[in-house]
Structures are given as C-alpha cells and as structure tokens.
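Read through the structure below, which is laid out as structure tokens, and then see the notes.
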Amino acid sequence: MVSANISISIQGLTRDRSCALHGRILSLKQDPTHLHYQTIWPTPYPLSPPSSVKSSAIGTPDVEDDTESLIHHYLNLGPDLTALYEHWSSVDLNFKKRAPKFTGVRILKQDAWEALVGFICSSNNNIIRISQMVRSSHYSKRCSYIKLFQVHNLCLHYGPLIGHINNQAIHDFPTPESLTGAGVESHLRELGFGYRAGYIAKTARIVANERPEGWLQTLSNPELFEDGLDQKGLPEGGREGYRKAHEELLQLQGVGPKVADCVCLMGLGWGESVPVDTHVWQIAQRDYKFGKGKHKSLTKATYDAIGDHFRNLWGKEAGWAHSVLFAADLKTFSGRLITKLEVDVDEVKIKQEDGSAFESKVIMKREYALDEVKEESGEGKDGIILESSRSQRAKRRRTR
DNA sequence: TAACACCCTGTTAT
DNA sequence: AATAACAGGGTGT
C-alpha cells in the first residue's frame, strides 16, 4: 500500500479548493495518492485525449487542454526533489540534519507581477493578512459575521472577472495598468493595506508608465520553462541576469533586497536568489556563524554576505534549499515538528477527473508519533523539542 | 550605520 | 473581561 503526498499550499486557493490560474478557474484536491484537478472554467476544457497530452508546446492555443502542463509548471513538479535534497545534504551537515522533517518543499513558479505585488504586501506583516489583502478567500473562524462579507482584496476590486463558482465571483490578478488610477492609494488604504497602499500604487505606475511593455518578463531567467538543474557554473554573487533583475527591482517603491529576491526566486526563476528575512537571519546566526564581528547586524553588506555564503554552499538552487530550512523554522509549520516523516521516493499519478493521467515523482511520507522519534534521535537534538508547545516556549523565555 | 515611523491584526502579557 | 504591549516572511528616510 503506497502512501504518497504532495502538500499543496497555493496562493488564493479557497476553502472549496478552487483558484484562478492563468485566466482559468481550477479546482484542486488531493488524496493520499493523487492530485486531482478539474477545469471549472472555461467549461468544455477537459475533453482532450488522455495519452497525447505530454508536454506539448506551452503556447499552443485552445485545441488541446494544457491545464495539466500548466499545473505541472506552476507547482514546479519537474525537478527531482530527492536528488536536490541529496546534493544539499551532501554539502551541508546542517541541511542534512534539518531537512528530513520537511520533505516535499518546492518553489512555485508564480507570475512575476503577482509575486511582486504580493511580496510588497508582505513587508512587516503576517501571512494571514497578506493573503487577505492579495487574493484571499481566507475566512478566519474568528472573523465576525459582518467581516465575512467584507473580505476586500486586490483581485476583487481591480482584477478582471473570470467567472463564478458557487455564487462566488472569481477574479484574476489585476494588471499594473489597472492600478494606476488616481484613487487607488486611498482606496487600498481603506481596504486595509496600510502604508503598502502607496508602495503598490507607485510601483504600478512605474511599471505601467515608465517601463517598456513586458519589462518585468525580460528580467526572468531564460531557462524558466526548463527543468535542467546542473549545479555548476555559478559565479560569485549569482549569474548576471539575476544581479540585473535584483538591481532593477530595487528601483521600485516598497521593494528592498528581501522583496526583490523573493520576486527573483519565485516570479523570475532565478534559483540562486536567497531572500533574507528575519527568519533566515535567525538561521544564519544560529547555524552559520553570522551575527558576530563584521556581520553583527543585518545590514546590506551582511545581507549580501549571507546570500553569497549560501550560494557557495548549496549552488545554483540555493534559494530552494534555503526555503527548506525556512519552512523548518516557520511557526506555521510547527505542528509538523512533533511528527517524524519517513522519506521515500515513489511514482504517483496526477490524474484528471476523466481518468487520464501522467506520472510524476514525489516524495512519500509516513508520519510517526513524537515518542518514537525521541527514542531514535537520542542525544538531545534540539530540532524536535523546540517550539512544540506554548508552555515550553514560555519557559524558555523566562529563563533568559 | 543606526534608529525610527509606517498600517493593522492576532497573540500574549498584565 | 478588558486593555496594554508586541511581533509579524521590511522599506524608506
């Protein structure tokens, strides 16, 4: 009996598991062995021949259903995760120690403009509010009845209407042009964006008015649509295209080094981009000897040094490796710290509702209770006990 | 280079 | 129960 799993966390995925992706509405769900998808709109989509779907050209218009390759691309399912994890583990003992509990982490290939706006919203902010601002249909249980109907966000107010599902309007992400109006900033403030309203309005104007058509895409990695992952040939500081993209993005409003690197990594396909936020800064201090001497505080110089260190250590997909360690530290995933995941590789099928399928390698995981892990791991490894409960954290604070 | 303000929300501490 | 601090995937000045 095979137990396989892909953990999906997609921006804008609603409770009924529908989301807008590249102008269409998809419904996604997963069971222990499969990732299911269905094209809700446009409607007569999933009538394509089962076996011939393989990766035909991306640009082929409406004759064939390219939804499959779309999902495959967006979830970045091409690269062999096991091989990547093995490589990072072989060059870094700390990665080897921490990564096994966090298998299956992949870098989404997001739309660059959407990623840009999303990460501008992320500054000094928490994840829940970010998703509420940008794409959300996230209904917190604590939201009042009234608030349920006040879920304002960027897509709802400025994005083109794609269609409806369950009487709920689905909007795609707004273009830069649609955010250049006179009242945008004040409106976004009313919608709860705070000072990020100004960032978005100004950045939208710069992109729409002061940059050539398609400018953002020209900054992307030309290999964005390939799955090749050779590990060599990474110059100090990253490839020229990456450095150029980073530098250009810094010219925008509300975009500092961290946001620029997020866009480079997730929106533009530059795998060596290493966004250093407060979490990564903590990790760098705790596990990689930063925080002393020349790199006492997180200045721009320190920021670049951390990125260079990880690029030298992990190679071309340093940003990916960094995301694994980042996930291992996120409070959001702390629930996963009390379980141990046994890792194996298996072929699973990703199939459509009509039964056609293609295969993809994913990580197989089995979860074990904490007690069993304690026996195995022995000698006081701190990785598991940390953050596993509130009482323990409170205790730790008091003893400082 | 180091502070500090910036919006606002959920959590934790009194 | 109510209210005060505070941090939360930074950036601009």
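Residue numbers start from 1 in every chain, and the chains themselves are labelled A, B, ... in the order their sequence lines are given, proteins ahead of strands. Since this is a predicted model, take the numbers as computed values, not measurements.
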So what does the secondary structure string of DNA chain C come out as, 5' to 3', with Watson-Crick or wobble pairs under 3.5 angstrom, [ ] for crossing and | for pairs with another strand?
.|||||||.||||
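Taking the side chain to side chain donor-acceptor pair (under 3.5 Å) definition, one finds that A/H309 meets it with nothing, sequence neighbours left out. Residues satisfying the side chain to side chain contact (heavy atoms under 4.5 Å, CB included) criterion with A/S122, sequence neighbours excluded, are A/F119, A/I130, A/K258. Scanning for side chain to side chain donor-acceptor pair (under 3.5 Å) contacts around A/T278 gives an empty result, with sequence neighbours left out. With sequence neighbours excluded, no residue forms a ring-ring contact (aromatic ring centres under 6.0 Å, His included) with A/Y303. By the side chain to side chain donor-acceptor pair (under 3.5 Å) test, A/Y242 is found to be paired with A/D261, residues two or more places apart in sequence or in another chain being considered. The side chain to side chain contact (heavy atoms under 4.5 Å, CB included) check on A/E236 picks up A/D308, A/N312, with sequence neighbours excluded. Contacts of A/A112 classified as side chain to side chain contact (heavy atoms under 4.5 Å, CB included), with partners at least two apart in sequence or in another chain: A/L216, A/Q217, A/L268. For A/A83, the side chain to side chain contact (heavy atoms under 4.5 Å, CB included) criterion is met by A/D80, not counting sequence neighbours.
The CG-C1' distance, from A/N125 to B/dT11, rounds to 15 Å in whole Å. Rounded to whole angstrom, the span from the CG atom of A/L265 across to the P atom of C/dG9 amounts to 18 Å. Across the protein-nucleic acid pair, A/I200 atom CD1 and C/dG10 atom C1' stand 14 Å apart, rounded to whole Å. Rounded to whole Å, atom C1' of C/dT11 lies 13 Å from atom NZ of A/K300. A/R196 has its CZ atom 13 Å from the P atom of C/dG12, to the nearest Å. Residue A/F193 contributes atom CZ, which lies 14 Å from atom C1' of B/dT9 at whole-angstrom precision. Here the C1' atom of nucleotide C/dG9 and the CG atom of A/L325 are 15 Å apart, to the nearest Å. With rounding to whole Å, A/D277 atom CG is found 16 Å from C/dA7 atom P.
The separation of B/dT1 from C/dT11, taken at their C1' atoms, amounts to 16 Å, rounded to a whole angstrom. C/dC6 and B/dA5: their C1' atoms are spaced 16 Å apart (whole Å). Comparing B/dT9 with C/dG12, their C1' atoms are spaced 23 Å from each other, to the whole Å. Across the C1' atoms, B/dC6 and C/dA7 are found 15 Å apart, a figure rounded to whole Å.
Within the structure, every pair that satisfies the side chain to side chain donor-acceptor pair (under 3.5 Å) test and touches residues 290-301 of chain A, not counting sequence neighbours, is listed here: A/T299-A/T302, A/K300-A/D304.
Listed candidates were C/dG9, C/dG10, B/dT1. Nearest to the side chain of A/S123 is C/dG10.
In this model, no donor atom of one side chain and acceptor atom of the other lie less than 3.5 Å apart for A/H22 and A/Y74.
For A/D92 and A/R98, the salt-bridge test fails: no basic side-chain N is under 4.0 Å from an acidic carboxylate O.
Of all the residues in residues 242-258 of chain A, A/L252, A/Q253, A/G254, A/V255, A/G256, A/P257, A/K258 reach under 4.0 Å from DNA chain C with at least one non-hydrogen atom.
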What pairs of nitrogen or oxygen atoms, one from the protein and one from nucleotides 2-6 of chain B, lie under 3.5 Å apart?
| residue | atom | partner | partner atom | Å |
| --- | --- | --- | --- | --- |
| B/dA2 | OP2 | A/S297 | OG | 3.0 |

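Proximity of the aromatic rings of A/Y288 and A/F310 is defined here by a centroid distance below 6.0 angstrom, and this criterion is met.
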